[in-house]
Visitor: 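Here it is: the structure, laid out below.
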Amino acid sequence: MSQPQFKHFPHIRQKLFVVVFGTETRIGKLFDIILLWAIVLSVVSVMLESVKEISENYSQVFFILEWFFTILFTIEYLLRLIITAQPKKYAFSFFGIIDLLATIPAYITLFVAGGSYLIVIRSIRLLRIFRILKLGRYLREASVLSNALAASRYKIFIFLGAVFTLAMIMGTLMYMIEGGESGFTSIPRSIYWAIVTITTVGYGDIAPQTVMGQAFASMLMLMGYAIIAVPTGIVTSEIAQAEKNKKKEESSGRGSCVACGKKGHDEDAIFCKNCSAKL
């Protein structure tokens with residue numbers, strides 16, 4: 001039995017796919033921009049609702065806005081599931097899970113009080129802006145930073161261990177010098193003061209009162225400025241080395257194959273010499 005009412009569905013589905021998933025077309029970019037604004041406004045409304053003075057006067061407005069955005073994101077999520085060729089793959093993808101989590105909190109409030117504040121998870125969906133503004137090249141450059149951090153992790157761990165050892169020593173000395181009368185009531189509390197001082201935060205909740213204690217504090221403050229520069233130099237050096245390695249890799253050929261990861265292809269190569277995939 002024919003069903004002529006559905007004969008145009010593939011065509012409509014294709015058009016909707018271009019709108020919802022397409023980022024190259026004008027209407028696709030417009031859809032993503034509208035979606036981003038909806039995400040931002042929904043998160044802002046949740047933040048404002050947490051302000052007691054505002055929520056008391058506009059509680060009904062926030063209630064309407066919350067369900068408006070929830071229904072909007074629910075429709076968008078269901079629409080993506082319907083029009084995609086692989087709904088299961090989308091549902092378990094990173095953005096698919098985030099899209100689902102963006103709709104769940106409001107429904108949780110029907111059963112659990114206070115669940116509405118979980119809606120700030122929608123801010124994670126702002127990662128879609130990388131697709132709209134063509135910032136993929138910045139994501140690729142992020143690999144240089146990640147490689148630099150990975151290469152310098154042992155140096156940073158050793159550095160942090162040395163700083164913590166210094167904080168323990170100085171904290172113990174300040175506990176012996178100042179004592180509980182000046183607020184240094186225990187060694188852990190004195191170590192807390194030393195960490196705050198080394199990092200140049202200086203909350204001011206604990207301060208030495210004796211001349212010797214102030215002399216130690218002054219020395220620790222000066223050391224703090226010098227210590228801050230150490231991890232910066234370590235990471236900067238590794239970043240420079242990572243960029244150098246990346247340029248060397250790029251100059252040696254066409255880079256790696258996206259299919260098998262094979263490197264060192266010729267400049268005029270079209271297919272991978274290892275798996276024959278198109279470069």
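What you see is a predicted model, and the numbers here were worked out from it, not measured in a lab. Heavy-atom basis, side chains included; hydrogens, waters and symmetry copies ignored.
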Visitor: To the nearest 0.5 angstrom, please state how far the CD1 atom of Ile82 sits from the OH atom of Tyr77.
Guide: 11.5 Å
Visitor: Between Asp99 and Tyr90, is a side-chain contact (heavy atoms from CB on, under 4.5 Å) present by the stated rule, with each step listed?
Guide: CA-CA 10 Å; Asp99 291 346; Tyr90 164 72; 2.5 Å; yes
Visitor: Please enumerate all residues that pass side-chain contact (heavy atoms from CB on, under 4.5 Å) together with Ile104, with sequence neighbours excluded.
Guide: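 Per chain and number, Ile104 pairs via side-chain contact (heavy atoms from CB on, under 4.5 Å) with Leu100, Leu101, Ile108.
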Visitor: With sequence neighbours left out, write down each residue that passes side-chain contact (heavy atoms from CB on, under 4.5 Å) with Leu79, or none if nothing qualifies.
Guide: Leu16, Val20, Ile83
Visitor: Minimum heavy-atom separation for Tyr203 to Val196, with atom names?
Guide: N-CG1, 3.6 Å
Visitor: Students often mix this up, so state it plainly: with edges at 30° and 60°, are the rings of Tyr154 and Phe157 parallel, tilted or perpendicular?
Guide: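 Perpendicular.
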Visitor: Membership question, hydrophobic clusters at under 4.5 Å side-chain separation (ILVMFWY): are Tyr225 and Leu166 in the same one?
Guide: no
Visitor: Take Trp193 and Asp205 through the test side-chain contact (heavy atoms from CB on, under 4.5 Å) and record every step on the way to the result.
Guide: CA-CA 9 Å; Trp193 169 86; Asp205 51 346; 5.8 Å; no
Visitor: Taking the side chain from Thr84 and the backbone from Leu81, do they hold a donor-acceptor pair closer than 3.5 Å?
Guide: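 No, because the side chain of Thr84 does not come within donor-acceptor range (under 3.5 Å) of the backbone of Leu81.
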Visitor: Could you pull out all donor-acceptor pairs under 3.5 Å where a side-chain atom in residues 206-219 meets a protein atom, sequence neighbours excluded?
Guide:
residue: Gln209; atom: NE2; partner: Ala207; partner atom: O; Å: 3.1
residue: Thr210; atom: OG1; partner: Glu178; partner atom: OE2; Å: 2.5
residue: Thr210; atom: OG1; partner: Gly213; partner atom: N; Å: 3.1
residue: Ser218; atom: OG; partner: Gln214; partner atom: O; Å: 2.9

Visitor: Spell out, yes or no, whether Ile191 and Met174 are grouped together once hydrophobic residues are joined by side-chain heavy atoms under 4.5 Å, including indirect joins.
Guide: no
Visitor: Could you tell me the separation between the CG atom of Leu78 and the OG1 atom of Thr103, rounded to the nearest 0.5 Å?
Guide: 8.0 Å
Visitor: Is there a path from Tyr175 to Met170 through hydrophobic residues (I, L, V, M, F, W, Y) whose side chains come within less than 4.5 Å of each other?
Guide: no
Visitor: Can you check whether Leu35 reaches Phe73 side chain to side chain, under 4.5 Å on heavy atoms?
Guide: yes
Visitor: Using a 3.5 Å distance criterion without hydrogens, assess whether the side chain of Arg153 forms a donor-acceptor pair with backbone atoms of Ala150.
Guide: yes
Visitor: Measuring from Ile227:CD1 to Phe159:CZ, what's the distance to the nearest 0.5 Å?
Guide: 6.0 Å
Visitor: Would you say Met168 ends up clustered with Leu160 if hydrophobic residues are merged whenever their side chains have heavy atoms under 4.5 Å apart, either directly or through other cluster members?
Guide: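 Looking at the clustering, Met168 is in a separate group from Leu160.
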Visitor: Can you tell me how far the CH2 atom of Trp67 sits from the CD1 atom of Ile64, to the nearest 0.5 Å?
Guide: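 Interatomic distance, Trp67 CH2 to Ile64 CD1, rounded to 0.5 Å: 13.0 Å.
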Visitor: Just how far is it from atom CD1 of Ile198 to atom CD1 of Ile195, taken to the nearest 0.5 Å?
Guide: 7.5 Å
